[in-house]
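Taking it in order: structure first as structure tokens, then the write-up.
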Amino acid sequence: MERRTIFAGWKLPMLLVAPQLVLTFVFFYWPALVAAYESLTRTDAFGIHVTFVGLANFRSLFADPLYRAAILRTVGFCAAVTALALGLGMVLAVAADRELRGRDLYRVLMIWPYAVAPAVSAVLWILLLNPQIGFVGRFLVTHGIRWDYALNGNQAMLMVVLASAWKQVSYNFIFVLAGLQSIPKAVIEAARMDGARGWYRFRTVVLPLLSPTLFFLIVVDLVYAAFDTFGTIWAMTEGGPAQATQTLVVKVYNDGVVNLDLGSSSAQSVVLMVGVVALTALQFRFLGRRSGA
Amino acid sequence: MRRTGNWLAHTVLILGALLFVLPIWLAFCAATLDPAAIDRGELSLIPRLGHLGSFWGVLAHGGPGVPPVWRMLVVSFGMALAIAVGKIVISILSAFAVVFFRFPLRRAAFWAIFVTLMLPVEVRIIPTYAVMGDLHMIDTFPGLAVPLIASATATLLFRQTFAAIPDELVEAARMDGAGPLRFLKDILIPVSAANLAALFVILFVYGWNQYLWPLVVATSPSLDTIVIGIVKMIGIDTSTEWNKVMATAVIALIPPVVVVVSMQRWFVRGLTEGEK
């Protein structure tokens, strides 16, 4: 979509776009090149000799069962967080779309958790689920359930999924509600007149009209779960017990910052960047098609 | 039929509200308890309103290993404001240039920015740290904020808003003899005020809630944000003073929640219009 009316001159616009371009090159492209370079080299234990090793870092990365496990774990974690956040967000949005008394208050109550920091949601969920001090965790323990996420990997995973999804529900709520409200009332009326009601009307009329919003939310939720949850996971489990909650980003941090294995950590960064760019391209293709239609 | 539907909707929404509010309420109550009582698992849903001392305590003196909370609030405010304002300024300028001008390499510039759309700082953490080292920005306040200013989301949002401005408006401004910068200041920015407000909310919250980047780039306690401080206060195993942790968590929640709730109308509209 190109404008017809524009301003003349090329020096001013180049000056205007310069700050963003400079920041983009310094903080995106330069680091990306550094990562690409380091992913192809290996530094000896004393940090003196750097040797070019080709794709060896990538080969050993993908041969590493721990890394493959981390990939699978991340996929499962992202899918669980997305399903929970989107599902709950949809249920709440459908309820809030009705003409209810106190509707505005309900909306505020659903929207504010958008402001909660991932690391803060971790603290809140520790207070709920910790087996010694947690409100729910202690209840479970005193009722004979062996609940201890510091020892049990599955329980730890459940806990980071809950805390991560909890924070993301409101984002999904906002978008699904906006999507529902953009459906023309006439369409719903027509479906009602044709005798489509309840769940059937929702499935055959509302859901197809919502599907672009839902696709968008799935991509956003997956990206959120993959990257923004570092604070949640690190504060609750630091990726443990025994890597049970170590997602790919946690592993990048752990290998790079804690264990100082730069070659492997950079190779992991490169893999993640390629993954994110692919997701972006997928979404852009889809969004492009939609705005073109 | 309709009535039972409404009744069901109320139930669902009340349960949802409880799901969101209860954890915070519990944290508030915990902040009023003795740490020893929390360690014994004696949490309750009734706060001891006469015991708000832990809030004043952490504000003035901080907790084990962290500076006073008021200091961390200053750092968090500074970081969130720098990110929000910085991002909005550079994005308005670049979107204005890309939409209202033709210049060499315009498409290349747009694509160079666009590719970074969803590349969060989390995936480029180690290499960005290396670059920051070369720039001598490690453990500095600009080091906290500047790398997070560079991103494409805001540029894309403004590009969409600007592209929707009718040609007649631009034409009229030109006939009145307004140059490009006048046009930007007197017409474009007022017209996009709602998007601007929405973007401010989104970016303020984004900046306030950062964890991984400050953790990596800033090590001196004087640069601790409040989010960093909270996690630091959870001792690895020994004696965490949970009342102080919870008081800090509640304080940390207040500014972004106030921003979101008070600007809710704009924020929701800008968010849902912008991303689609």
Side-chain angles (χ1 to χ4, degrees), chain A residues 1 3-7 10 12-14 16-17 19-21 23-24 27-28 30-31 34-35 91-92 95-96 98 100 106 108-120 123-124 127-128 132-133 135 138 174-175 178 223 227 230-231 235 249 252 256-257 265-266 269 272-273 276 280, chain B residues 6 9 12-13 16-17 20 23 26-27 30 38-39 41 43 90 93-94 96-97 100-104 109 112-113 116-120 122-124 126-128 130-131 147 149-150 163 167 170-171 180 205 209 211-212 216 227 230-231 242 245 249 252-253 256-257 260-261 264 268 271-272:
Chain A
M1 174 161 63
R3 304 193 69 88
R4 279 175 291 109
T5 47
I6 50 163
F7 291 98
W10 56 271
L12 178 67
M14 287 180 98
L16 292 174
V17 87
Q20 171 131 42
L21 273 186
L23 284 180
T24 306
F27 296 111
F28 282 90
W30 185 6
V34 169
V91 169
L92 292 171
R98 289 172 156 265
L100 294 178
Y106 281 133
V108 174
L109 286 171
M110 301 301 137
I111 286 171
W112 72 267
Y114 175 85
V116 179
V120 171
V123 172
L124 297 177
L127 193 63
L128 282 175
Q132 282 90 47
I133 69 159
F135 200 65
R138 198 179 170 83
I174 294 168
F175 275 88
V223 171
F227 303 113
F230 174 84
V249 170
V252 167
V257 179
S265 170
S266 297
S269 285
L272 283 179
M273 283 188 218
V276 183
T280 312
Chain B
N6 278 353
V12 166
L13 288 168
F20 293 136
L26 199 60
I38 302 177
D39 284 341
L43 281 180
I90 65 160
L93 296 182
S94 62
F96 176 57
F100 288 98
F101 291 89
R102 296 290 171 272
F103 56 92
I113 296 169
T116 64
L117 180 61
M118 285 218 283
L119 216 55
E122 281 78 9
V123 308
R124 53 197 165 88
I126 313 290
T128 308
V131 169
I149 288 175
D167 280 322
V170 189
E171 208 51 60
V205 170
N209 290 349
Y211 178 70
L212 178 53
V216 170
V227 173
I230 294 168
V231 182
W242 288 105
V245 175
L253 272 172
V257 169
V260 165
V261 170
Q264 185 201 350
V268 169
L271 191 70
T272 50

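All chains are named by letter (A, B, ...) in the order of the sequence lines, taking the proteins before the strands, and each is independently numbered beginning at 1.
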Query - Spacing of CH2 belonging to A/Trp112 relative to CD belonging to B/Gln264, to within rounding of 0.5 Å - result: 13.0 Å
Query raised in the report: Is the backbone of A/Phe27 close enough, under 3.5 Å, to the side chain of B/Arg124 for a donor and an acceptor to pair up by distance?
Result: yes
Query - Least distance between heavy atoms, B/Ala150 atom then A/Phe28 atom - result: O-CE1, 2.7 Å
Requested in this report: Report the option among A/Val91, A/Ile174, A/Val252, A/Val257 that has the most heavy-atom pairs separated by less than 4.5 Å from atoms of chain B.
Outcome: A/Ile174
**Report entry** Heavy-atom proximity to chain B below 4.5 Å, by part of A/Phe7
**Finding:** both
Query raised in the report: Quick one: CD1 on A/Ile133 to CG on B/Asp39, what's the gap to the nearest 0.5 Å?
Result: 7.0 Å
Query raised in the report: What distance separates A/Gln20 CD from B/Ile113 CD1, expressed to the nearest 0.5 Å?
Result: 4.0 Å
Query raised in the report: Where is the tightest heavy-atom contact between B/Val245 and A/Val123, given as atom of each residue plus distance?
Result: CG1-CG1, 3.8 Å
Query - Side chain / backbone / both / neither for B/Phe101 at chain A, heavy atoms under 4.5 Å - result: both
Requested in this report: Tell me, for A/Val120 versus chain B, whether the close heavy atoms (under 4.5 Å) come from the side chain, the backbone, both or neither.
Outcome: side chain
Report task. Measure the CG-CZ distance between B/Leu26 and A/Phe135 for me, rounded to the nearest 0.5 Å. Result -> 6.0 Å
Query raised in the report: At their closest point, which heavy atom of A/Met110 faces which heavy atom of B/Ala17, and how far apart are they?
Result: CE-N, 3.5 Å
Report summary line: Smallest heavy-atom separation, A/Ala115 atom then B/Val205 atom, equals CA-CG1, 3.9 Å
**Report entry** For A/Val17 against B/Ser94, the heavy-atom pair lying closest together
**Finding:** CG2-CB, 3.6 Å
Query raised in the report: From A/Leu109 CG over to B/Leu13 CG, what is the distance, rounded to the nearest 0.5 angstrom?
Result: 9.0 Å
Query raised in the report: Under a 4.5 Å heavy-atom cutoff, which of A/Gly256, A/Ser266, A/Pro19, A/Pro113 has the most pairs with chain B?
Result: A/Pro113
Report task. Report the residues that fulfil side-chain hydrogen bond (donor to acceptor under 3.5 Å, both in side chains) with A/Thr24, sequence neighbours left out, ordered by chain and then residue number. Result -> none
Query raised in the report: How far does CZ of B/Phe20 sit from CG of A/Leu124, to the nearest 0.5 angstrom?
Result: 12.5 Å
Report task. Would you mind checking which part of B/Val216 comes under 4.5 Å of any heavy atom in chain A, side chain (CB onward), backbone (N, CA, C, O), both or neither? Result -> side chain
Report task. Please examine the side chains of B/Tyr211 and A/Pro118, heavy atoms only from C-beta on, and report whether any two atoms are closer than 4.5 Å. Result -> no
Report task. Please step through side chain to side chain contact (heavy atoms under 4.5 Å, CB included) for the pair A/Val116 and B/Leu253, ending with a clear verdict. Result -> CA-CA 6 Å; A/Val116 179; B/Leu253 272 172; 3.6 Å; yes
Query raised in the report: For B/Ala109, is it the side chain, the backbone, both or neither that has a heavy atom under 4.5 Å from a heavy atom of chain A?
Result: both
Report task. Please flag which part of B/Val260 lies under 4.5 Å from any non-hydrogen atom of chain A: side chain, backbone, both or neither. Result -> side chain
Requested in this report: Side chain from CB out, backbone as N, CA, C, O: work out which of these in B/Ala30 comes under 4.5 Å of a heavy atom of chain A, or both, or neither.
Outcome: side chain
Query raised in the report: Using non-hydrogen atoms only, which part of A/Val249 is less than 4.5 Å away from chain B: side chain, backbone, both, or neither?
Result: side chain
Query - chain A contacts, top residue of B/Val131, B/Thr128, B/Leu93, B/Ile38 (heavy-atom pairs, under 4.5 Å) - result: B/Val131
Report summary line: Scanning both residues in full, the closest heavy-atom pair of B/Phe103 with A/Pro13 reads CD2-CB, 3.4 Å
Query raised in the report: B/Leu212 versus chain A, heavy atoms under 4.5 Å apart: side chain, backbone, both or neither?
Result: both
